[in-house]
Amino acid sequence: MKNPDNDKEKEAKKAAMKTLRAQRKDLIASASSRMKTQKKDIKAIKEFLKGKKATIPDIAEGIDMPKDETLWYIATMKKYGQIVEAEKEGAFFNYSLNEPEKTQEKEEV
Amino acid sequence: MVPTNIKNFDTLVVGGGIAGLQAALDLGDQGYKVAIVEKDASIGGKMIRLSKVFPTLDCASCITTPKMSAASHHENITLFTYCDLTSLNHEGQGIKALITQKPRYVDPIKCIGCRQCEYICPVHVSDAEQGDFSARKAISIPFSTAIPQLPILDVEHCMLCGQCEKTCPTHAIDYFQKPEEFIIQAKTAVITTGFDLLPVKNNFQYGNGHIPNVIDSMQMERILAPHGPYNRVLRPSDGMEPDSIAYVQCAGSRDKSMGVPYCSRVCCMYAIKQAMLLSGSLPLADIIIYYMDIRAFGKGYEQFYQNAKAMGIEFVKAKVARIDKGENGSAIVRYENQDGSGIATADHDLVVLSMGMIPGWDPRSICPVSKDSDQFITSIKPKISPVLTNMAGLFVAGVAAGPKDIVDTITESGSAAMEAAKFMSNSHMEN
């Protein structure tokens with residue numbers, strides 16, 4: 001049986017969230033836009049690294065992204081287990097997708 | 001409105017870095033009830049963010065983490081992290097502090113520190129804890145050894161998508177948390193507010209922070225740390241392993257035009273330490289330190305300096321006049337040799353600026369304690385008891401009173417704890 005108190009609580013929470021979203025409208029808009037760009041950039045890196053490894057300059061050239069930004073993403077993706085470091089090539093290291101992570105992400109999607 | 005939430009302690013320690021932790025532990029072990037108020041989300045201060053310490057090259061985490069853990073588990077010590085100190089004044093025979101607990105948007109009782117919220121969060125934010133060389137999430141625990149292990153939700157970057165709330169197994173996310181004010185009443189207080197580095201953006205001769213691969217020494221600490229952004233030494237502009245690294249000493253210190261006419265005391269030694277660590281990580285790299293004087297003042301420091309020279313680190317007595325952007329990510333250092341050979345330029349893959357130390361806290365309009373002309377807190381008896389301030393019952397330790405190294409900071413913290421204990425014991429006898 002439904003508990004009317006729970007329903008009331010849910011409704012009140014929903015209304016409070018609506019108010020909070022209205023108050024933070026501008027912050028939410030800028031965070032959303034940043035997240036969309038990041039999602040696109042991360043997807044491009046993952047696509048580029050599918051089945052291969054590459055250095056930062058190679059990835060940056062391949063996806064048309066500044067090298068410092070590419071390194072920023074790679075360092076972040078490495079921290080969160082999406083990328084692993086591979087062997088060195090000249091003065092640069094190669095990076096590749098972390099395969100178990102790739103599988104896990106498929107499951108999440 | 002005056003807060004009604006009043007907490008009573010024997011001593012209030014302002015700042016939870018190594019100085020504050022040491023003072024709190026020394027007092028707590030004597031049976032005094034101590035509150036540590038820290039502005040950051042974790043205790044540990046600058047030291048927990050370092051790679052290693054000079055002259056022993058001990059791991060900084062290995063020294064700091066046990067003290068952080070001991071303080072957090074101590075029956076006589078209470079931690080108040082992520083708090084702002086609004087006022088600190090005498091009241092009656094003691095000290096009264098008004099504190100604001102900033103909202104974490106996470107219930108500290110319910111949170112188990114599992115980081116599920118962080119993993120699911122879709123927004124990446126540049127991570128200042130890693131020198132801005134990688135990202136954290138909009139909700140994240142500041143760093144892996146942080147105490148307490150509680151995430152902070154960064155409202156500026158939160159989309160309110162609700163994913164963290166849905167994922168949290170203990171329903172700890174609270175989007176509606178508000179700042180909470182409370183009062184701490186104590187018999188004594190110890191100020192251990194440490195330092196900040198003079199921002200690189202203030203230094204136009206060295207590019208105002210706009211030249212790629214010109215970084216400050218704290219950023220280099222992160223690059224050198226085993227749990228740093230790259231887990232190895234790479235150049236931030238393109239991920240290249242640098243072949244030539246330069247240190248520019250007195251970048252801000254001993255420079256009236258930068259507002260820091262004093263010597264920051266530790267820059268020579270930490271630059272030598274970092275150079276030695278770099279030499280270990282990149283044995284083939286050229287490492288050059290441009291210096292005005294080497295101040296190796298502590299026990300074993302001169303030997304440390306001589307060891308660095310023996311390892312092949314090059315010391316060039318010169319004042320660097322300016323740094324310009326070079327080709328392929330290099331930085332061009334223009335300097336005047338002090339041996340009389342005149343002006344020269346050199347290309348480096350990576351340049352580290354040893355920026356001056358400035359106070360981490362300004363007591364203005366918060367606390368009537370007096371400051372010196374260098375803006376650090378005044379020690380009224382700098383020779384016989386440097387921890388005494390012009391306010392009775394209020395003591396200072398560590399870099400809050402002026403630049404000093406970790407060894408001196410820890411010693412001074414013990415002294416501040418003893419002075420506070422003496423003050424409380426004398427007050428007790430008088431009553």
Side-chain angles (χ1 to χ4, degrees), chain A residues 12-14 16-39 41-42 54-61 65-85 88-95 101 104-105 108, chain B residues 105 115 118-127 129-138 140 143-144 153-163 165 167 174-177 212-213 222-223 227-244 282 284-285 328-329 349:
Chain A
K13 171 91 190 286
K14 223 170 154 181
M17 283 301 283
K18 203 175 161 187
T19 313
L20 196 62
R21 282 200 176 95
Q23 281 168 359
R24 293 192 196 160
K25 199 175 68 182
D26 293 343
L27 291 176
I28 291 173
S30 85
S32 302
S33 129
R34 196 174 309 115
M35 184 276 290
K36 279 177 194 157
T37 310
Q38 288 170 351
K39 207 171 161 185
D41 291 344
I42 289 171
T55 63
I56 298 293
D58 291 343
I59 302 168
E61 199 187 332
M65 184 188 278
K67 286 183 249 181
D68 58 341
E69 206 178 314
T70 308
L71 178 59
W72 185 84
Y73 275 117
I74 293 291
T76 305
M77 291 166 78
K78 196 163 151 249
K79 173 182 163 184
Y80 288 109
Q82 296 167 309
I83 294 271
V84 287
E85 191 182 84
K88 203 175 161 193
E89 196 180 309
F92 295 92
F93 281 87
N94 279 295
Y95 298 93
E101 171 64 28
Q104 195 184 325
E105 278 209 351
E108 277 170 17
Chain B
Y105 303 100
R115 302 181 99 143
E118 182 176 342
Y119 300 141
I120 199 79
C121 176
V123 188
H124 293 87
V125 183
S126 206
D127 188 1
E129 292 290 350
Q130 294 287 19
D132 289 319
F133 296 137
S134 64
R136 59 172 169 84
K137 297 291 187 74
S140 61
F143 49 90
S144 54
L153 191 152
D154 179 351
V155 172
E156 298 276 312
H157 299 99
C158 173
M159 303 192 299
L160 277 179
C161 64
Q163 292 207 47
E165 191 185 31
T167 305
D174 177 3
Y175 295 121
F176 303 99
Q177 233 175 36
N213 304 318
R222 295 315 307 152
I223 289 179
H227 45 289
Y230 312 135
N231 307 108
R232 61 173 66 256
V233 180
L234 299 178
R235 200 165 76 157
S237 75
D238 57 3
M240 189 186 95
E241 235 181 26
D243 217 21
S244 163
L282 309 169
L284 300 178
N328 298 323
D349 295 331

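Naming convention: chains lettered A, B, ... in sequence-line order (proteins, then strands); numbering from 1 in each chain.
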Given heavy-atom pairs under 4.5 angstrom as the criterion, report whether the side chain, backbone, both or neither of [X] touches chain A.
{"X": "B/D243", "value": "neither"}
{"X": "B/V155", "value": "both"}
{"X": "B/Y230", "value": "both"}
{"X": "B/R136", "value": "both"}

With a 4.5 angstrom heavy-atom cut-off, is it the side chain or the backbone of [X] that approaches chain B, or both, or neither?
{"X": "A/M77", "answer": "neither"}
{"X": "A/I74", "answer": "neither"}
{"X": "A/K88", "answer": "side chain"}
{"X": "A/S32", "answer": "both"}
{"X": "A/E85", "answer": "side chain"}
{"X": "A/A60", "answer": "neither"}
{"X": "A/R34", "answer": "side chain"}

**Report entry** Partners meeting side-chain contact (heavy atoms from CB on, under 4.5 Å) with A/A54 (sequence neighbours left out)
**Finding:** A/F48, A/L49, A/D58, A/I59
Query raised in the report: Under the side-chain contact (heavy atoms from CB on, under 4.5 Å) test, which residues partner A/E89, sequence neighbours left out?
Result: A/T55, A/N94
Query - Non-hydrogen atoms of A/K67 and B/D238 that approach each other most closely - result: CD-CB, 3.7 Å
Report task. Grab the two heavy atoms, one from A/A75 and one from B/P229, that are nearest each other, plus how far apart they are. Result -> CB-O, 3.5 Å
Report task. Compare all side-chain heavy atoms of A/K13 with those of B/F176 and state whether any distance is below 4.5 angstrom. Result -> yes
Requested in this report: State whether the side chain of A/K79 and the backbone N or O of B/A135 hold a donor-acceptor pair below 3.5 Å, judged by distance alone.
Outcome: yes
Requested in this report: Please determine, among A/S30, A/G90, A/A16, A/P66, the option with the most heavy-atom pairs under 4.5 Å with chain B.
Outcome: A/A16
